[in-house]
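Excluded from the calculations below are hydrogen atoms, water molecules and symmetry mates; all remaining heavy atoms, backbone and side chain alike, are included.
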Amino acid sequence: MSKRDFRGVEAKWQKKWEEDGVYQAKDHAKNEKFYGLIEFPYPSGEGLHVGHPRSYTAIDAVTRKQRMSGKNVLFPIGWDAFGLPTENFAIKNKIKPQEATKKNIANFTRQLKSIGFGFDWSREIDTTDPTYYKWTQWQFLKFFNSFYDEQEQRARPIEELPAHLDKDEHRMAYKAASTINWCPRCKIGLANEEAIGGVCERCGNPTEKREKAQWMIRITKYAERLIKDLDSVDYLDKIKAQQINWIGKSEGAFVDFQVGKDTVTVFTTRPDTLFGATYLVMAPEHPLVQRWVEDGSIMNQDEVRSYQAETASKSEIERGDESKDKTGVELKGVQAVNPANGEKIPVWISDYVLATYGTGSIMAVPAHDERDHAFAKKFGLPIDIVVEPVTGEPRENEEFRRSIVAIVRNPKNGKLLSINWGKKGGSLFVGGGLEDGEDPETCAVREIREETGYKNVKFIEKSETVHHHYFAASKNVARNIEAVGLLFELSDEERDEAVLEKDEQGQFTVEWLTEAQAEKQVIDGLHGYLFQKFIQGTCYSEPGIATNSDFLDGLPTWKAKDDMISWLNEQGKGEKATTYKLRDWVFSRQRYWGEPIPIIHCPKCGQVGVPENELPLMLPDVDAYQPTDSGESPLAAIREWVEVKCPNCGGKAERETDTMPNWAGSSWYFLRYCDPHNDKALADPEKLKYWMPVNLYNGGMEHTTLHLLYSRFWYKFLWDMGIVPEECGSEPYAKRRSHGLILAEGGEKMSKSKGNVVNPDDVVEAYGADVFRVYEMFMGPFDQPVPWDTNGIEGVRKFLEKVWNLYGLDSSLRGNDNPELVTLYHQTIKKVTDGIDHLQFNTCISQMMILANAFQDAGSVPESMKEGFLKILAPFAPHMAEEIWEHLGMKGSIHVSGWPTYDPEKLKAATFELVVQVNGKVRAKITVDSDISEEDAKSKALESASKWIEGKTPKQIIYVTGKLVSIVA
RNA sequence: GCCGCGAUGGCGGAAUUGGUAGACGCACGGGACUCAAAAUCCCGCGAUCGCAAGGUCAUGAGAGUUCGAUUCUCUCUCGCGGCACCA
């Protein structure tokens, strides 16, 4: 293929494939399906970015391989076309968003087609098409007409709501006055997920808080299931972690504090520190505070009011700034009672307590919480340390308790940490002398050697006898962060060998001190530790364990977490509780270019859904759709659209004027692909049963807590409601992967302002689609960010030209299949077969390059390999593979021609290089038969390495089959 | 601070049940072909010592386990991504 005609060849095949419907998914097929999905693009005015094809080519290659393997493949494409950028672009250029969208889609289509993706274009969808958004609106009505059944843990139709409950208070979609994130630049309300860090996701402007009635969807009801069901899917670990983190589950308890006649409920994850709660802090916005201000319970009303006003005026960023000093005001005249010990404690308000999380109030335990501690220090509030006496409740392990010095529990992960306090230089030291840069384990080994005089100190797998224990720790104790609990044991019976071993908790044990010494350490240790912390007033540790009862006098006592919860339960002062950071989904947008929310407000009937037979509720065609500062949707100005009759009573009513966020259309598009032209349902259940779930879904990490979370939730809702059949399973995507960003040549982010953006059109024009595709797959690991490299693309061009020339050199392909080439060929088929499945495209290409180089050395492609090699190349360079395929005189498209197989027998070469190591160093390499016996291998190895052994008798000879011989001399 | 990921030649990166570190590509150097250039092909290409044969060092730093560690364990440093006063 000369440089001149590749575009022609590519265009030819693109046309032919479409005409022949090569990539069309079949609906009522008997064979196995494979549903590969890429995030459908937002057709922006800028056109395709080189990042898009990275993801698309990857999934294209996977689906092409699946198709060649005989699967019925669905690899669809569509447009997520509603949204702000188009609307803003349209306003700026004084055209209609409809027109801008149409133009952009046409451009994207041209670009995507020029790269030769195997999309099934017959299933193309567009979220702005009324035949599509009709169903988005229909689904919104389902949310509106349903509630969440807490007992059954699923959504159900609103008609089934128990009669004593108010429907409007339980709908899955509900309108409520709420504080929203308002972006003054975009003039739009944002969901929490879109205003992370108090900054607008779109424009980067700081957001403000505004009170506004918004449509919300109760995604929070699904928090637990959204976490739990991650167990059943194959997502990248970092995606799972990010979602779990975002949902932010915390387990703990609600605890009631009496404040006069009122009860303030706090949420805490540490009910076991309740004895150390020395004051209460409430969010300034807390309704009770509001009431107390109004009814005069608070003496310093003015001060409180002004603090409240100050808080309200702060932006999210200011309020979230941790570096600033804690502020707050005491509510004078108000006192709370600590339910654990009956003590009267003060009540404060402070902006470090968030109104939107937990109960909006906390109990402050300054001895064991850093933030409370800072606050207490600043305002001179009391700090009480909570201590667990070791002589109290027996622990699981008697031995463990007997000689421990002190235990600190890491608050973040609950791990136990044993510590020792010594007087070395007045600072905390560990293990008796952890040297700089030394880890506790190493230290332990060293010390055991020194103390016992035994050289041979070994770790063994499991402890049989645990005699005595000693401490260990890490220097991080001082900071109370991560630490390793190390315990050592030296068995009495085995005096000739000190043994280090791991017990079930993963801790190492060894005897180290006499019991008397250990006893002393215990007492000194805890005293020293707690005493110092107490004096310094810097204790925000976990409860310590004390054996010295004198010391315990005057310190608050301790109950384990679960014990405390049951005690609270018995006393009626609290209960077990779980909270989440996740908030309900703000579903209203005050903009034009979105799906109108199909609700009618009737003064008599309240909120009424638009009757299903009136869907789609069309977006009116208007001239003025600029956003307004008032926060009203532009639709509100179109009176003839707004004014309707109530479908219920026929009286005068008004339409809802908010539109949906663009996450609406993308929350269910993968379902529509299964049946894109259905006008009776969003998709035929039978087709859903066949196609769902998506086998492989690839998309950007930036959607992890947005689209990916929303669509999982949306899908679960449809599944609960029976709209998605039971058989499809509770998760929409069986496997989710994410591609790395493509950076600009210098390693920076590509951006228009820096002028370093690579345009796919230019690359395709200069090198052709195949080179572009192969390069994108070769440039680096798929999930890793990689910089664009113009020289690198040249290398790929050479590779493809080499292949082209190999097939075209002379018409007589010689049958020169020497044994090495056969082995390499089979290895390559295996590598590419496995590599595509594991999304390791870069090494697939490398391996094909190796084989191509070997073909070149051999003079040509052997007859027996010419089809197979072309086939494994086809997913990456579909045009060239097809063209050569035709030249070879093959019938039909290569892309449905079957996937080549490899012979496992032929993966191994007849001989291999046996590596000979002496004392761990490579000393010789000898070529031996693959089926060499162990004895022969060893003797040959000894022979070849005789120089290094010098007549000594080897202590040990290790043979690794097919690899090496290691001689210990 | 928390969660997750990462660190290997001049560059992108290979190498997983622990077994030849640097595959493949780029860049660079040399050669062939050519009047010349481009293209193509061949050879070399981690550092260091050595004429060479060969040796020594080397996968962010330090330690450990092992006959053997890029790979496992621990401590630390730096970088990237996400979250962040979430009780």
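Using N1 to N3 plus N6-O4 or O6-N4 for Watson-Crick, or N1-O2 and O6-N3 for G-U wobble, each under 3.5 Å, B/C78 pairs with B/G6. Look at B/U40: its Watson-Crick or wobble partner, with both distances under 3.5 angstrom, is B/A32. For B/A52, there is no paired base (Watson-Crick or G-U wobble, both distances below 3.5 Å). B/C24 is paired with B/G12 under the Watson-Crick or G-U wobble criterion, all donor-acceptor distances under 3.5 Å. When both pairing distances are held under 3.5 Å, B/A58 makes no Watson-Crick or G-U pair with any nucleotide shown. Nucleotide B/C85 is matched to nothing when pairs are restricted to Watson-Crick or G-U wobble geometry with both distances under 3.5 angstrom.
Taking side-chain N and O atoms only, A/Arg923 has a distance below 4.0 Å to OP1 or OP2 of B/U56. Distances shorter than 4.0 Å separate none of the side-chain N or O atoms of A/Lys938 from OP1 or OP2 on B/C67. A sub-4.0 Å separation between OP1 or OP2 of B/A87 and a side-chain N or O of A/Ser250 is present.
Counting to the nearest Å, the C1' atom of B/G79 and the CD atom of A/Gln784 are 13 Å from each other. In this structure, A/Asn245 places its CG atom 13 Å from P of B/C2, rounding to the nearest Å. Put simply, OH on A/Tyr357 is 12 Å from C1' on B/A84, counting in whole angstrom units. The CG-C1' distance, from A/Leu743 to B/G13, rounds to 15 Å in whole Å. The interatomic distance linking A/Asn919 (CG) with B/U66 (P) rounds to 15 Å, in whole Å. If you take CD of A/Glu801 and P of B/A38, they are 17 Å apart, rounded to a whole angstrom. Here the C1' atom of nucleotide B/A84 and the CD atom of A/Gln242 are 13 Å apart, to the nearest Å. Between A/Phe782 atom CZ and B/A14 atom C1' there is a gap of 19 Å when expressed in whole angstrom units.
The two residues A/Ile244 and A/Leu230 come nearest to each other via the heavy atoms CG1-CD1, 3.6 Å.
The local environment of NZ in A/Lys963 is sparse, with at most 12 non-hydrogen atoms from other residues, nucleotides or ligands closer than 6.0 Å.
Taking 90° from 0 as the syn/anti boundary, the base of B/G9 is oriented syn.
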Worked check of salt bridge (Lys or Arg N to Asp or Glu O under 4.0 Å) between A/Arg797 and A/Glu801: CA-CA 6 Å; A/Arg797 202 203 75 227; A/Glu801 271 170 15; 3.3 Å; yes
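Using P as the reference atom, B/U20 and B/G68 are 15 Å apart when rounded to the nearest Å. Nucleotides B/C76 and B/C24 place their P atoms 40 Å apart, quoted to the nearest Å. Distance noted for atom P between B/U17 and B/C26: 30 Å (whole Å). Spacing of C1' atoms, B/C11 relative to B/C2, comes out at 35 Å, to the nearest Å. Taking atom P in both B/G25 and B/C43, one finds a spacing of 12 Å when rounded to whole Å. Here, B/A23 and B/C45 have their C1' atoms 15 Å apart, quoted to the whole Å. On the C1' atoms, B/C67 is 12 Å away from B/G18, given to the nearest whole Å. To the nearest whole angstrom, the two C1' atoms, one in B/C42 and one in B/A47, are 27 Å apart.
Looking at residues two or more places apart in sequence or on another chain, you find no salt bridge (Lys or Arg N to Asp or Glu O under 4.0 Å) involving A/Lys940. The salt bridge (Lys or Arg N to Asp or Glu O under 4.0 Å) search around A/Lys925 returns none, not counting sequence neighbours.
Residue A/Phe267 places its side chain closer to B/A87 than to any other of B/G4, B/A87, B/C83. Distances were taken from every side-chain heavy atom of A/Gln856 (C-beta onward) to each of B/A87, B/C85, B/C41; the shortest belongs to B/C41. Nearest nucleotide to the side chain of A/Val353, out of B/C83, B/A87, B/G12: B/A87. Side-chain atoms of A/Val968 lie closest to B/C67 of the nucleotides B/C67, B/C83, B/A87.
Of the residues A/Asn805, A/Leu800, A/Leu806, the one that meets the side chain to side chain contact (heavy atoms under 4.5 Å, CB included) test with A/Lys802 is A/Leu806.
For the pair A/Leu354 and A/Met779, both in contact range of RNA chain B, the more 5′-proximal nearest nucleotide belongs to A/Met779.
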Heavy-atom protein contacts under 4.0 Å, nucleotides 16-27 of chain B, coded B base, S sugar-phosphate only, - none: ---BB--BBSSS
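Among the protein residues, A/Asp783 comes within range of no part of the nucleic acid, since none of its heavy atoms lies under 4.0 Å from any strand. Contact annotation for A/Lys955: no contact, since no heavy-atom pair falls under 4.0 Å across all strands. At a threshold of 4.0 angstrom between heavy atoms, the contacts of A/Lys238 are confined to the sugar-phosphate backbone, with no base atom among them.
The aromatic rings of A/Phe876 and A/Phe841 stand perpendicular to each other, their planes meeting at an angle above 60°, with 30° marking the opposite boundary.
Not less than 6.0 angstrom separates the ring centroid of A/Phe772 from the ring centroid of A/Tyr767. Separation of the A/Tyr775 and A/Trp788 ring centroids falls under the 6.0 Å cut-off. For A/Tyr352 and A/Phe375, the distance between ring centers is under 6.0 angstrom.
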